[in-house]
Amino acid sequence: QVQLVESGGGLVQTGGSLRLSCVASGRAFSDYAMAWFRQALGKEREFVAAITWTGTDKNYAEFVKGRFTISRDNAKNTAYLQMNSLNLEDTAVYYCARSRTSYLRFTYPNVDDYDYWGQGTQVTVSS
C-alpha cells in the first residue's frame, strides 16, 4: 500500500517562499512520476507541476513557471515543490500524487493520470 504525506505548508506573506515535501511509503517510489496539484476553496483541483521517475522531464502549469520548482530525491522517497514569489492566488490546499503508470517518459497534467494522493497541506498567502 502506498501512502503519501505532505508537509511544509503554512502562512506566508506575498512575495515569500515555501518548500513543500511529499514523503512516500511503500515500494517503487523511484519508478513513478510524481506531481503536485492544488485546490482553492470553491474551485476544482488543478495541476501545478510534475516530474518523471528519472527526474529528467518536468512540466509546469503556466501560472507557476519561473516561480515554482519541482524536484525529487529517490533515495529519500521524497518529492519537493519549491515555491517562490508567492501571491494571493497561490492560496490553496496542495496535494502530491503518484502516477498511475510506471516508467513514463513524459509527465501528464490530468488528475486521472494519478492514483495515489496525499491528504494535502494548506498554503495561505497573505498581503
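- Note: the hydrophobic cluster containing Phe29 also contains Trp36 (ILVMFWY, side chain heavy atoms under 4.5 Å, direct or indirect links).
- Within the 4.5 Å cutoff, the side chain of Tyr80 has no heavy atoms near those of the Thr69 side chain.
- At a threshold of 4.5 Å between non-hydrogen side-chain atoms, the residues Asn87 and Arg67 count as touching.
- Inter-residue side-chain proximity for Ser127 and Leu88 is flagged as met; some heavy-atom pair is nearer than 4.5 Å.
- For the pair Gln82/Ser17, a side-chain contact is recorded, criterion being any heavy-atom separation below 4.5 Å from C-beta on.
- Glu44 has its side chain out of reach of Val111: every pair of non-hydrogen atoms, C-beta onward, lies at least 4.5 Å apart.
- A pairwise comparison of heavy atoms in Val48 and Val64 identifies O-CG2, 3.6 Å as the closest pair.
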TODO: Assess whether side-chain contact (heavy atoms from CB on, under 4.5 Å) is satisfied between Lys58 and Tyr60, documenting all intermediate values.
DONE: CA-CA 7 Å; Lys58 301 175 184 181; Tyr60 296 94; 3.8 Å; yes
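- By the rule that hydrophobic residues join a cluster once side-chain heavy atoms approach within less than 4.5 Å of another member, Ile51 and Val23 end up as members of separate clusters.
- Note that the NZ atom of Lys43 and the CG atom of Leu41 stand 10.0 Å from one another [nearest 0.5 Å].
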Open item on the list: Evaluate Thr91 against Val123 for side-chain contact (heavy atoms from CB on, under 4.5 Å), listing each step before the verdict.
Closed with: CA-CA 5 Å; Thr91 295; Val123 171; 5.9 Å; no
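- You'll find the side chain of Thr121 stays beyond 4.5 Å of the side chain of Tyr95, heavy atoms only.
- The backbone N or O of Tyr114 sits nowhere less than 3.5 Å from a side-chain atom of Tyr108 that would complete a donor-acceptor pair.
- Following chains of ILVMFWY side-chain contacts shorter than 4.5 Å, one cannot reach Val93 starting from Leu86, and the two form parts of different hydrophobic clusters.
- Distance CG/Asn84 to CG/Leu18: 9.5 Å, rounded to 0.5 Å.
- The backbone N or O of Ala24 sits nowhere less than 3.5 Å from a side-chain atom of Arg98 that would complete a donor-acceptor pair.
- For the atom pair Asn77 CG and Ser30 OG, the distance stands at 7.5 Å (nearest 0.5 Å).
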Open item on the list: Before you tell me yes or no, could you show the steps for Arg19 and Met83 under side-chain contact (heavy atoms from CB on, under 4.5 Å), namely the whole-Å CA-CA distance, both residues' side-chain angles and the distance that decides it to 0.1 Å?
Closed with: CA-CA 6 Å; Arg19 187 194 196 202; Met83 305 187 296; over 6 Å; no
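- Put simply, the side chain of Glu6 gets close to the backbone of Gly120: a donor and an acceptor are under 3.5 Å apart.
- Scanning both residues, Gln119 and Val5, for their nearest heavy atoms gives OE1-CA, 3.8 Å.
- For Phe37 and Trp117, the ring centers are positioned less than 6.0 Å apart.
- Classification of the Phe68-Tyr94 ring pair by plane angle, with boundaries at 30° and 60°, yields tilted.
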Open item on the list: Run the side-chain contact (heavy atoms from CB on, under 4.5 Å) test on Thr78 and Cys22 for me, step by step, so that the C-alpha distance in whole Å, both residues' side-chain angles and the decisive distance to 0.1 Å come before the verdict.
Closed with: CA-CA 5 Å; Thr78 303; Cys22 171; 5.6 Å; no
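- The OG atom of Ser21 sits 9.5 Å away from atom NZ of Lys76, with the distance rounded to the nearest 0.5 Å.
- Proximity of Tyr116 to Gln3: side-chain heavy atoms (C-beta onward) are nowhere separated by under 4.5 Å.
- Taken to the nearest 0.5 Å, the CZ atom of Arg38 stands 8.5 Å off from the CD atom of Glu89.
- Within the model, atoms SG of Cys96 and CE of Met34 stand 4.5 Å from one another, a figure rounded to the nearest 0.5 Å.
- Taking all atoms of both residues into account, the shortest heavy-atom contact from Ala50 to Thr107 is CB-CB, 3.6 Å.
- Under the 4.5 Å side-chain criterion, counting only non-hydrogen atoms from C-beta, Phe47 is not in contact with Asn110.
- Taking all atoms of both residues into account, the shortest heavy-atom contact from Ser99 to Thr101 is OG-O, 2.8 Å.
- Surrounding CD of Gln122 are more than 12 heavy atoms belonging to other residues, nucleotides or ligands, all under 6.0 Å away.
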Task: Residue pair Tyr103, Tyr32: steps toward the ring-ring contact (aromatic ring centres under 6.0 Å, His included) verdict - done: CA-CA 6 Å; Tyr103 305 119; Tyr32 292 84; 7.4 Å; no
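- A salt bridge is absent between Asp112 and Arg100: the closest approach of a Lys/Arg side-chain nitrogen to an acidic carboxylate oxygen does not fall below 4.0 angstrom.
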